[in-house]
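I have placed the structure first, in the form of structure tokens, so that the comments after it can refer back to it.
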Amino acid sequence: MFFSTSMPFTGLSFLLLLQHLGASSYAASIASPACQDKGRTNQTIRWVDCHDRVPEPIEPVLNITGSTFVGDLPPNLFCGEMDVPMDYSKPFNAKHNNITIGFAMTRPSKRASGLVIYHAGGPGENAAAQIWASALNLSASFEGLEDFDVLAVNMRGIQFSNPLNLSSGVFFDGIPAFPSNEEEFKQYQAAMTKFYDAAIRDSTPSGIMEHVSSAEMVEDWESVRRALGYEKVNYAGVSYGTFVGLSYATSHPEVVDRFVLDAAIPHGMSFQDMVKFQVAAANRVLQRADAFCLNDTSCPFYGQGNGSVIKAWEAVLAQAEKSPIPAPSCLSNSTEIPCISPVTPTDLRRNLDLLLRSESGFSLFNLALNQSLNGDASGIAYAPATDIRETVVSPLLCSDTKIDESIKTWDGFNNLTLNAKREGLDPFNIIYSQIWQLGLQCSVWPFDTAERTTLPTDLPIMWMTSDFDLNLPTELTTFSWQQAPNSTLVIRHGDEHTSILMPAPADAAGNVAREFIRTGVMPGVRDDAEVTIIAPGGERPPVPGAYEVPTGAIAGDF
């Protein structure tokens with residue numbers, strides 16, 4: 001997914017740890033101070049048994065098929081829920097203006113050093129699952145923060161927080177994920193409109209689809225913060241969590257303590273620039289796949305020298321433009337993820353984006369290219385099951401994404417793909433980006449959205465990025481950092497999306513972020529093979545060449 005993060009679970013072997021972990025349940029409520037602003041009342045937290053609130057991504061780790069786990073859970077894991085206004089512009093009403101949001105926390109046995117709110121990105125990633133992963137020792141994402149209350153409130157529209165009722169898999173049959181002509185564009189918009197109409201009709205309470213934006217998420221956090229009794233809040237947000245996090249910081253600056261925003265979605269950057277920069281990033285990451293191959297003995301092009309992967313890409317693309325390439329495995333009943341044959345140039349471009357944004361993408365991509373050269377494009381074929389059109393991503397993202405009228409037509413949208421080419425940023429003819437596709441989904445969003453404006457701030461925020469992030473290119477974080485003159489920029493040298501979640505040995509930037517949250521001391525200037533840190537008022541150097549930064553585990557290539 002576009003604004004998604006990959007949760008660093010290390011496998012089912014960690015089930016063995018569970019038999020050593022103690023049980024925990026907590027049923028007390030903590031009263032919040034009465035407050036009438038933003039539609040709130042003095043609602044309290046209801047603490048619930050975590051055995052009944054297992055996040056969906058954790059279910060296979062615990063080897064369960066439902067939402068209930070029978071067994072011991074760690075004593076520092078807590079689960080809760082809270083009633084909040086569906087619409088914060090109106091007074092809370094238990095019958096007519098009320099939804100329930102859910103969350104998970106890790107809490108120390110002694111008095112906590114403070115509160116850390118974590119946002120997992122997506123939009124629509126199950127934030128509670130990352131808290132569970134930390135409690136179960138499946139993740140080191142919050143290592144060093146054990147003395148803090150670490151809170152993850154699931155976004156509205158997903159599990160535990162009033163999930164939307166989405167009729168998926170019924171509207172887009174036969175409609176390409178990336179339309180390549182005006183007829184396909186109109187078919188896409190019509191299908192998207194039907195999807196939204198069905199979600200509005202079927203989701204409860206009535207009207208919820210209009211109230212799933214970051215503005216509501218910020219106020220949900222405020223409701224929980226007040227109920228927990230904290231005057232200040234620390235924050236760690238990745239990917240889409242940066243967009244919501246900056247909204248929180250600028251709308252409630254009085255509560256801000258130590259904020260880390262990792263892999264930014266910028267407020268106020270033009271949609272045209274976002275698309276252009278992602279196409280440029282895709283070109284860089286294709287070069288990174290080539291650099292990876294230079295040191296990967298399993299790469300089919302190993303030993304052929306610099307540029308072998310790029311030559312293979314250009315040859316496969318030229319072959320598909322002449323005649324779509326068969327994908328015989330897509331026709332097999334044994335195919336795990338059904339795909340479509342033959343493979344068109346649009347399919348190739350879309351799946352380059354999908355393969356190269358995943359942790360194992362370089363190896364898979366290089367193998368798929370080699371197979372395609374030999375007449376079998378199954379490894380890079382379009383698989384409808386991987387599509388995000390009919391998911392919660394669309395309503396959550398589009399509620400925050402203002403699309404200019406000028407690019408709601410085929411001519412306008414098609415023109416977006418040409419900007420990178422005009423500026424010499426698309427030498428490998430990749431053309432499309434997932435930001436482009438997501439903008440198309442938002443072009444028929446039925447509700448008003450806020451204008452795209454910058455949110456400048458003097459708060460001392462830590463911004464983080466990686467050189468070759470494809471999901472959210474490093475230029476987007478640089479733009480956001482430049483709107484915050486008292487902020488620090490941390491650049492991780494390597495691949496993959498986000499840095500806080502990176503395990504060792506690629507965890508240098510994540511360690512910097514955790515130390516800042518733990519101590520409140522912003523790091524000094526640094527420039528080495530792993531991390532560059534730029535102080536407030538400094539200048540961001542150009543993105544390094546794809547062959548200048550090491551590949552492998554230290555760069556986040558797993």
Side-chain angles (χ1 to χ4, degrees), residues 76 105-120 127 130-131 134 139-153 218 221-222 224-239 241-264 455-465 477 480-492 498-502 507-528 530-538:
N76 65 332
M105 295 181 71
T106 52
R107 313 197 75 178
S109 58
K110 59 183 181 180
R111 182 179 180 85
S113 298
L115 174 66
V116 178
I117 294 178
Y118 171 73
H119 191 303
Q130 189 62 41
I131 295 296
S134 177
S139 165
S141 300
F142 307 118
E143 186 176 359
L145 303 178
E146 291 82 3
D147 290 339
F148 288 80
D149 282 342
V150 183
L151 165 71
V153 182
V218 163
W221 286 337
E222 266 297 277
V224 178
R225 179 193 66 80
R226 295 179 185 220
L228 289 170
Y230 280 100
E231 293 184 0
K232 294 283 187 178
V233 62
N234 307 295
Y235 183 84
V238 299
S239 196
T242 65
F243 187 89
V244 190
L246 186 59
S247 296
Y248 190 23
T250 53
S251 61
H252 297 281
E254 71 283 355
V255 308
V256 171
D257 200 348
R258 307 155 194 176
F259 268 46
V260 176
L261 303 180
D262 179 6
L455 291 182
T457 178
D458 290 328
L459 292 167
I461 293 170
M462 175 182 285
W463 296 89
M464 302 186 73
T465 184
T477 299
S480 299
W481 170 65
Q482 290 169 340
Q483 315 302 314
N486 293 324
S487 290
T488 294
L489 179 63
V490 179
I491 305 169
R492 177 173 60 81
T498 77
S499 297
I500 292 176
L501 301 178
M502 276 288 160
D507 57 353
N511 290 337
V512 168
R514 286 183 284 273
E515 183 68 6
F516 167 60
I517 293 174
R518 189 180 67 82
T519 66
V521 178
M522 195 69 82
V525 172
R526 173 177 170 183
D527 188 14
D528 55 43
E530 295 178 296
V531 172
T532 292
I533 300 177
I534 305 175

Short side-chain to backbone donor-acceptor contact, [X] and [Y], under 3.5 Å:
| X | Y | answer |
| --- | --- | --- |
| Ser487 | Leu459 | yes |
| Arg514 | Phe142 | no |
| Thr477 | Ala264 | yes |
| Asp262 | Ile500 | yes |
| Arg258 | Arg518 | yes |

Can you see which heavy atom on [X] is nearest to which on [Y], and at what distance?
| X | Y | answer |
| --- | --- | --- |
| Met522 | Pro460 | CE-O, 3.4 Å |
| Pro536 | Asn486 | CG-O, 3.5 Å |
| Pro253 | Thr250 | CD-O, 3.6 Å |
| Arg526 | Ala508 | NH2-CB, 4.2 Å |
| Arg492 | Ala509 | CB-CB, 3.9 Å |
| Val512 | Pro523 | CG1-CG, 3.7 Å |

Rounded distance [0.5 Å steps], [atom1] in [X] versus [atom2] in [Y]:
| X | Y | atom1 | atom2 | value |
| --- | --- | --- | --- | --- |
| Leu115 | Asn234 | CG | CG | 7.0 Å |
| Ile517 | Tyr235 | CD1 | OH | 10.5 Å |
| Lys232 | Glu254 | NZ | CD | 7.5 Å |
| Leu489 | Ser480 | CG | OG | 10.0 Å |

Within-4.5 Å side-chain heavy-atom neighbours: [X] and [Y]:
| X | Y | value |
| --- | --- | --- |
| Leu261 | Phe243 | no |
| Met464 | Thr242 | no |
| Asp458 | Pro485 | yes |
| Leu228 | Met105 | yes |

Discussion item. Which residue is it: Val490, Val525, Ile491, Asp527? I am looking for the one with a side-chain contact (heavy atoms from CB on, under 4.5 Å) to Ile534.
Written reply: Ile491
Discussion item. Before you tell me yes or no, could you show the steps for Leu246 and Trp463 under side-chain contact (heavy atoms from CB on, under 4.5 Å), namely the whole-Å CA-CA distance, both residues' side-chain angles and the distance that decides it to 0.1 Å?
Written reply: CA-CA 11 Å; Leu246 186 59; Trp463 296 89; 4.0 Å; yes
Pairs of donor and acceptor atoms involving the side chains of residues 145-153, under 3.5 Å and at least two apart or interchain, shall be tabulated with distances.
| residue | atom | partner | partner atom | Å |
| --- | --- | --- | --- | --- |
| Glu146 | OE1 | Gly144 | N | 3.0 |
| Glu146 | OE2 | Gly144 | N | 3.2 |
| Asp149 | OD1 | Arg107 | NE | 3.1 |
| Asp149 | OD2 | Arg107 | NE | 3.4 |
| Asp149 | OD2 | Arg107 | NH2 | 2.8 |
| Asp149 | OD2 | Tyr230 | OH | 2.8 |

Worksheet entry | Aromatic plane relationship, Tyr248 with Phe259 - under 30° parallel, 30 to 60° tilted, over 60° perpendicular |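 Aromatic pair Phe259/Tyr248 classed tilted.
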Worksheet item: Which is it for Gln130 and Leu501 under the side-chain contact (heavy atoms from CB on, under 4.5 Å) test, yes or no, and what are the steps along the way?
Response: CA-CA 10 Å; Gln130 189 62 41; Leu501 301 178; 4.2 Å; yes
Worksheet item: Would the Trp221 and His119 ring centres measure less than 6.0 Å apart?
Response: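 So the answer is yes for these two rings.
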